Every structure is written in structure tokens, then in C-alpha cells.
Protein chains: 2
Amino acid sequence: MSAADASILLVDDHSVVREGYRSVLQKQPGLRVIAEAADGAEAYRLYKSEAPDLVIMDLSMPGIGGIEAIRRIRQWDKGARILIFTMHQNAGFAVQAIRAGARGYVTKTSPPETLVRAVMDVLAGKIAISPDIDHELALSRLGGESSAADVLTAREFEVLRLLLAEKTTDEIAETLHVSPKTVANLHSLIKDKLGVGSDIELVRLALRQGLLTEPDLGEA
Amino acid sequence: MSAADASILLVDDHSVVREGYRSVLQKQPGLRVIAEAADGAEAYRLYKSEAPDLVIMDLSMPGIGGIEAIRRIRQWDKGARILIFTMHQNAGFAVQAIRAGARGYVTKTSPPETLVRAVMDVLAGKIAISPDIDHELALSRLGGESSAADVLTAREFEVLRLLLAEKTTDEIAETLHVSPKTVANLHSLIKDKLGVGSDIELVRLALRQGLLTEPDLGEA
DNA sequence: CGAGCCCCGGGAAAATTTCACGACATTGCA
DNA sequence: TGCAATGTCGTGAAATTTTCCCGGGGCTCG
């Protein structure tokens with residue numbers, strides 16, 4: 001392990017962003033980027049063929065999202081090491097990712113040193129969480145109020161993500177390879193668990209909990 | 001102008017992402033990155049002190065957002081050339097950015113060549129829009145997002161307002177003294193007029209059009 | 001007066017939500 | 001180790017809602 005470089009698979013749907021990972025990681029001795037993927041399905045395929053020591057992956061991607069990709073990869077290889085590197089500064093996402101099998105969660109606002117440090121920690125077998133998320137997690141613990149989407153299972157969370165992305169039931173069934181009935185069923189179950197009665201309440205709850213990202217457009 | 005390299009200011013709140021811009025742009029002769037900023041306010045300060053030939057900027061940033069930053073910079077220098085480079089694949093945001101004075105709008109999913117091409121176009125005085133947004137814009141022209149709630153009658157708008165206030169069909173029927181059946185019919189008609197297929201899309205459209213008071217979570 | 005909207009609601013078809021049930025994996029306990 | 005107990009995922013069918021199509025009454029405008 002110490003003789004050869006650690007091999008890394010980069011997954012992000014923004015090619016310029018992958019370029020950024022590369023640039024930062026290349027400066028670090030002992031690391032080598034061996035492959036890149038632009039979505040979860042491609043990541044899964046490449047993981048199976050390349051067997052990298054570490055996957056660095058974004059969460060929000062077209063098609064199957066990051067959470068689902070984690071599950072599939074970990075199903076293939078129980079020992080897979082996956083580090084999530086994302087813009088979502090949200091404890092709920094972090095909880096879901098770790099629960100699905102990720103070994104680390106770092107936000108893109110973190111300085112490059114934090115990412116490098118997290119990479120090293122995960123390769124060493126530790127769990128790595130960036131400081132801002134640590135803080136968020138602590139807050140959500142203290143807040144006590146019926147916490148966010150951590151009452152949802154990974155599957156339910158994934159369906160919720162796709163619903164919020166304005167996908168139809170049939171489209172979601174297609175991407176997850178399940179029956180449309182099942183998606184409708186999960187949709188109903190999600191609303192039940194979150195205690196909302198309509199899709200409208202569902203979206204507004206998601207907004208409050210930061211599950212939806214809208215840019216700040218300022219005043220007109 | 002043509003003798004010296006074109007100077008560029010990069011603005012993005014993710015340092016690793018800025019690293020990506022840099023890496024891509026450095027391969028292109030004639031371009032030189034002279035400064036970086038992590039938010040709109042810093043971008044404005046740096047623009048005044050460095051007077052770059054071009055600004056490449058993200059939209060969603062902490063503090064003052066990208067749109068507001070465009071306005072301030074253009075207020076200081078009417079000839080400023082600003083290229084928006086963002087993850088938001090949304091025609092509405094592109095329209096707002098261009099209207100605020102941006103000279104280009106490219107999504108981060110675009111390949112590096114598209115970004116480089118857009119940089120060159122903007123430096124040459126053209127307006128640059130990435131193909132995916134072009135397509136979105138064409139769709140919205142063809143009857144995609146029916147402008148605002150000015151296609152709705154007063155009655156319909158009132159029902160929409162109550163729906164967004166998380167009222168149930170029966171409650172709305174009660175307050176308006178009509179049959180629940182009528183409310184359901186109007187609800188359906190509203191979605192039809194606005195060109196959305198689900199309540200989730202409906203809420204997000206309302207958000208984009210400022211019909212919903214967004215919960216202000218976050219920094220001062 | 002006739003044309004064009006808007007508001008209101010009925011009925012039937014289509015889609016959805018909901019409910020009840022099994023298969024499967026994991027956990028806890030004796 | 002054996003064996004409930006629990007929780008997740010998925011399906012089918014019933015119950016409900018949404019959608020579509022329809023007509024009547026009221027209103028304005030040319």
C-alpha cells in the first residue's frame with residue numbers, strides 16, 4: 001500500500017470542477033487520479049473495472065444521484081472507500097451519505113487543505129467530516145426539533161430528491177429501475193413520515209430544510 | 001489591447017472550483033488570471049482595484065449574489081465584461097443575468113471547450129450562451145414557462161395563493177364559498193395554464209416568479 | 001344582439017394515493 | 001445457534017383525487 005500510489009476515481013458532472021480536483025490532488029505525493037466519471041451510473045461502471053482505492057464524488061448529479069451511487073458501489077464492494085465532496089452544506093445530506101456507506105463528507109467551500117486532509121484520513125481508514133458540517137450536525141442535535149430528512153431511509157431520500165428535481169413518477173421509476181407503483185408508494189410514505197399532507201407542503205418543508213437550492217438573485 | 005494578454009478575474013465561492021477554471025484557462029494562450037474572489041462583495045472590490053478585461057463569475061454565492069454583483073460592477077464600469085459560469089441550467093436565471101448586464105451565460109456541465117469559446121467570444125464583444133441554455137430559452141419561447149401569473153384570472157390567482165399557503169382543497173372551498181369540486185377544477189386549470197404537470201413544479205415556478213416569500217435562512 | 005370571457009359545477013374516465021400484504025435482510029435475545 | 005422482532009422494499013387492489021368534457025348563467029364590448 002505504501003509502495004504504490006493510491007488510485008482515485010473522480011465523479012462530478014462538471015468537467016471544469018473535476019479539473020480542479022485534479023489540480024489540487026496532483027500536488028500531493030502518493031495520490032494518482034486514474035479515472036473520471038460524470039454521473040452515478042458511469043461511476044459504478046468505472047469502479048467495477050478500475051477498482052480504485054478511493055472515490056471522490058459529488059452528490060447532485062443527473063440520473064442516479066450520489067446516494068444511490070454509494071449504495072450500488074458498496075453493494076459491489078463492501079470495502080469501498082467513498083468521500084463525498086459537495087456544495088451542500090447540509091447536515092441532512094451528510095447523514096444520508098454516511099448512512100449509505102460514505103466514509104467522508106467535505107463541502108466545496110472548504111479550503112484545498114481540508115480536502116487533502118480528508119482524502120488522507122479516509123485512506124487511513126478514518127471517517128472524515130469537514131468542520132462546517134460538524135457544526136451543522138451539532139446544531140441539529142441540539143435543536144432537537146423533529147430533525148430533517150433523517151427519518152427517511154436512503155431509498156426514500158433518493159426518491160424525494162428526484163421528486164424535488166421535478167421528475168415525474170414514471171421518470172423516477174425508470175431511473176431507479178422499479179415499478180411506478182413503488183415510486184408512488186414511496187412518495188406517499190415520504191409525505192406520511194414528514195407529516196405533510198400535500199406536495200405543496202412537501203416542497204416548502206424541503207425549502208426550509210435547505211434541500212432545495214435556489215441562487216440568490218437579489219432584488220429586481 | 002491585442003499586444004498584452006487579456007486579464008481575468010475569477011469569482012466562485014468554491015476554491016477548488018476556481019482551481020479548475022485556472023487549469024483550463026491557463027492552457028489557452030492570450031489569457032491570464034490576475035485575481036480571484038470568493039463572493040460578490042470581494043469581486044466588486046477587486047474589479048475596482050484590478051480593472052480586469054473579463055470577469056468569470058458564479059451566480060450562487062454567500063452574501064450578495066451574482067446578479068447583484070453584476071449590477072454593482074456595471075454601475076462602476078459600464079463597459080465591464082462579465083461571463084456567468086454556473087451550475088444552474090435554467091433559462092430564467094440566464095435571462096436575469098443578461099438583463100443585469102452579463103455578456104455571457106455558460107453552465108458548468110459544459111465541456112471546457114465551450115467555456116474557452118465563450119471567453120473568447122465575450123472578449124471579442126459578442127454575447128455567449130451555452131447550447132443547453134439556448135435550447136431552454138427556445139423552449140420557454142415556444143410556450144414553456146408561461147410568463148407569470150398574468151395568464152391567470154383573479155379567481156384563479158386567489159386559489160393559487162391559497163394553495164401556496166398550504167390550504168387543503170376543502171378549506172379553500174370553505175373560504176371561497178364554492179364547491180370543493182370547483183376548487184379542484186381551478187387547481188387543475190391553473191396547472192394547465194402555467195404549463196406545469198405537478199404541484200411540485202407549481203411551487204417551484206411560484207418560487208422563481210417571486211410569488212412565495214422564501215424563508216430567509218442564513219447570513220446577514 | 002351575438003361573440004367572447006369568466007365563474008360555477010356535474011359526470012365519467014384516468015391517474016393518484018392509500019391500504020393491506022409478502023419477501024427479504026438485520027438485529028436482539030435467549 | 002436458533003428464532004422472534006423489526007424495518008425496508010416492493011406489489012396488487014381498493015378508495016380517492018385529478019383530469020377532461022360538458023353546459024348554464026352572468027358580464028362586457030363592438
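All figures in this text were calculated on a predicted structure; none of them were measured in a lab. Every chain is numbered from 1 and lettered A, B, ... according to where its sequence line falls, protein lines coming before strand lines.
Between the side chains of A/S130 and A/D132, at least one donor-acceptor pair of N or O atoms lies under 3.5 Å.
For B/Q75, the CD atom is loosely surrounded, since the number of other residues' heavy atoms within 6.0 Å does not exceed 12. No more than 12 heavy atoms of other residues, nucleotides or ligands lie within 6.0 Å of CZ in A/R117, so this atom counts as exposed by the packing criterion.
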*asked:* What verdict does the side chain to side chain donor-acceptor pair (under 3.5 Å) test give for B/S23 and A/E19, after you've listed the backbone C-alpha separation in whole Å, the side-chain angles of each residue and the deciding distance to 0.1 Å?
replied: CA-CA 7 Å; B/S23 177; A/E19 196 64 34; 3.1 Å; yes

*Verdict with reasoning, A/D58 to A/H14, per side chain to side chain donor-acceptor pair (under 3.5 Å)*: CA-CA 10 Å; A/D58 193 4; A/H14 305 318; 5.3 Å; no

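Direction of the helix axis in the helix from C/dC1-D/dG30 to C/dA30-D/dT1 shifts by 30° between the two five-pair termini, rounded to 10°.
Here A/Y105 and A/F85 keep their ring centres 6.0 angstrom or further from each other.
Dashed line: the shortest gap from a side-chain N or O of A/T182 to OP1 or OP2 of D/dT11 is under 4.0 Å.
Computed from coordinates, the B/R155 CZ to D/dG26 P distance equals 17 Å when rounded to whole Å. Taking atom CZ of A/F157 as the reference point, atom C1' of D/dG7 lies 19 Å away to the nearest angstrom. Taking atom NE2 of residue B/H177 and atom P of nucleotide C/dC7, one finds them 17 Å apart after rounding to whole Å. Whole-Å rounding puts the A/I190 CD1 to D/dG7 C1' distance at 16 Å.
Pairing each heavy atom of A/G40 with each of A/A69, the nearest pair is CA-CB, 3.9 Å. Shown here for B/K191 and B/G197, the closest heavy-atom pair between the two residues is NZ-O, 4.2 Å.
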*Which letters describe nucleotides 18-23 of chain D, given B = protein heavy atom under 4.0 Å from base, S = only from sugar-phosphate, - = neither?*
-BB---

